[in-house]
Amino acid sequence: MRNECIYLKTKIVLNSIEDTKKLAKIIADYAFSGMIIGLAGDLGSGKTTFTKYLAKNIGVNDNINSPTFTILKIYQGNYDLYHMDVYRLEDIGYDYELDDFIYGEGVSVIEWYTYIRDQLPEELLTIDIQADGEFQRSLLIEGKGRYEKIIEAINNRYSN
Ligand SMILES: Nc1ncnc2c1ncn2[C@@H]1O[C@H](COP(=O)(O)OP(=O)(O)OP(=O)(O)O)[C@@H](O)[C@H]1O
Ligand SMILES: [Mg+2]
């Protein structure tokens, strides 16, 4: 059984797109082969926007756009980026072909990860985004194991 208590977590508030860009940079600095980032939040909360900035910081030169209709898009970079949007899987169920990527060598970013949470490894970084206003976003970020140092880095950067 999953013990939620062992996840390190932090809450931060971003006030601009520039703040989202900075957060993506901090997280990208800790990128590793096999990294998994789950993103949740309502339509337009900023999941794809965050992914775009993360992509730039892991050496992806192509412009990324939302993979909603394809579920997965692959980009080459210093780490390959597997950008997934699993919104549609809420109705049709998990697609096991995604395992090749989730357990692959690149960095997986999964929009709407909560829809496939049971199929994902316990060890991942999750970011739940809430839009408070036009530019303000409240984020709950959780991770364990190899992701704990990312939470610590974010806490150091945003401690007040
Ligand atoms: N601080 C912020 N961080 C991220 N995006 C922001 C911020 N402030 C405003 N925005 C705007 O919010 C919108 C976020 O859209 P985006 O496509 O990233 O959302 P999404 O969560 O991926 O939506 P969807 O569920 O449709 O995939 C963009 O228009 C972006 O410019
Ligand atoms: Mg999106």
Side-chain angles (χ1 to χ4, degrees), residues 7 9-31 35-95 97-102 104 106-121 124-143 147 150-160:
Y7 284 78
K9 54 180 87 177
T10 187
K11 282 184 180 177
I12 59 169
V13 175
L14 306 177
N15 290 304
S16 64
I17 293 178
E18 195 58 34
D19 282 355
T20 298
K21 204 170 170 176
K22 283 181 190 153
L23 176 71
K25 164 87 171 69
I26 294 170
I27 294 173
D29 283 345
Y30 289 87
M35 184 185 210
I36 304 168
I37 301 173
L39 302 175
D42 288 342
L43 293 168
S45 56
K47 300 179 294 296
T48 301
T49 302
F50 169 84
T51 309
K52 280 183 179 175
Y53 294 127
L54 184 94
K56 287 213 163 58
N57 283 294
I58 61 167
V60 172
N61 292 322
D62 290 347
N63 272 327
I64 74 148
N65 46 53
S66 190
T68 307
F69 297 103
T70 53
I71 299 182
L72 167 71
K73 284 190 181 172
I74 302 166
Y75 302 88
Q76 291 188 330
N78 303 333
Y79 296 98
D80 286 353
L81 172 68
Y82 312 135
H83 184 199
M84 300 168 217
D85 184 322
V86 300
Y87 186 77
R88 287 198 307 142
L89 298 187
E90 187 188 26
D91 299 325
I92 59 182
Y94 188 64
D95 180 344
E97 286 178 31
L98 293 178
D99 280 358
D100 291 346
F101 301 94
I102 289 166
V107 170
S108 292
V109 176
I110 309 164
E111 297 193 33
W112 299 99
Y113 79 94
T114 54
Y115 292 170
I116 60 165
R117 185 64 187 91
D118 290 345
Q119 279 80 30
L120 294 173
L124 81 171
L125 186 77
T126 60
I127 305 178
D128 292 69
I129 309 172
Q130 183 188 302
D132 305 324
E134 190 178 359
F135 296 107
Q136 186 175 307
R137 302 290 185 266
S138 292
L139 272 54
L140 171 63
I141 308 173
E142 297 181 75
Y147 300 90
I150 303 177
I151 306 285
E152 284 160 8
I154 293 168
N155 276 335
N156 288 338
R157 172 64 178 72
Y158 292 91
S159 59
N160 36 30

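Counting starts at 1 for both ligands and their atoms, in listed order.
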Residues Ile102, Met84; criterion side chain to side chain contact (heavy atoms under 4.5 Å, CB included); working and verdict: CA-CA 10 Å; Ile102 289 166; Met84 300 168 217; 3.8 Å; yes
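- Atom CG of Asn156 sits in a crowded spot, with more than 12 heavy atoms from other residues, nucleotides or ligands closer than 6.0 Å.
- Aromatic ring pairs are classed by plane angle as parallel below 30°, tilted from 30° to 60° and perpendicular above 60°; the pair Tyr82 and Phe101 is perpendicular.
- Close approach of ligand 1 to Trp112 (heavy-atom distance below 4.0 Å) involves ligand atoms 25 (O).
- Near Thr48, meaning under 4.0 Å from one of its heavy atoms, ligand 1 places the atoms 17 (O), 18 (O), 20 (P), 22 (O), 27 (O).
- Proximity of Ala131 to ligand 1, defined as any heavy-atom pair under 4.0 Å, is not found for any part of the residue.
- Residue-to-ligand polar distances place Lys47 within reach of ligand 1: an N/O pair is separated by less than 3.5 Å.
- The Mg ion (ligand 2) has an N, O or S atom of Glu111 closer than 2.8 Å.
- Polar contact with ligand 1: absent for Leu14 (N/O pair, distance under 3.5 Å).
- For atom 30 (C) of ligand 1, the candidate residues are Thr49, Val13, Thr20; the nearest heavy-atom contact is made by Thr49.
- Inter-residue side-chain proximity for Leu124 and Ile110 is flagged as unmet; no heavy-atom pair is nearer than 4.5 Å.
- Within 6.0 Å of NZ on Lys73 lie more than 12 heavy atoms contributed by other residues, nucleotides or ligands.
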Tyr115/Asp91 under side chain to side chain donor-acceptor pair (under 3.5 Å): CA gap, chis, key distance, verdict: CA-CA 9 Å; Tyr115 292 170; Asp91 299 325; over 6 Å; no
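- For Thr48, the nearest N, O or S atom to the Mg ion (ligand 2) falls under 2.8 Å.
- By the 6.0 Å contact criterion, CD on Gln76 is open, its count of non-hydrogen atoms from other residues, nucleotides or ligands being 12 or less.
- Near Glu134, meaning under 4.0 Å from one of its heavy atoms, ligand 1 places the atoms 8 (N), 9 (C).
- When Ser66, Ala24, Gly44 are checked for heavy-atom proximity to atom 13 (C) of ligand 1, Gly44 turns out nearest.
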Evaluation steps, side chain to side chain contact (heavy atoms under 4.5 Å, CB included), between Ile154 and Leu23: CA-CA 8 Å; Ile154 293 168; Leu23 176 71; 4.0 Å; yes
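- Short contacts between ligand 1 and Asp42, defined as distances under 4.0 Å to a heavy atom of the residue, involve ligand atoms 21 (O).
- Residue contact annotation: Leu43 has a non-hydrogen atom under 4.0 Å from ligand 1.
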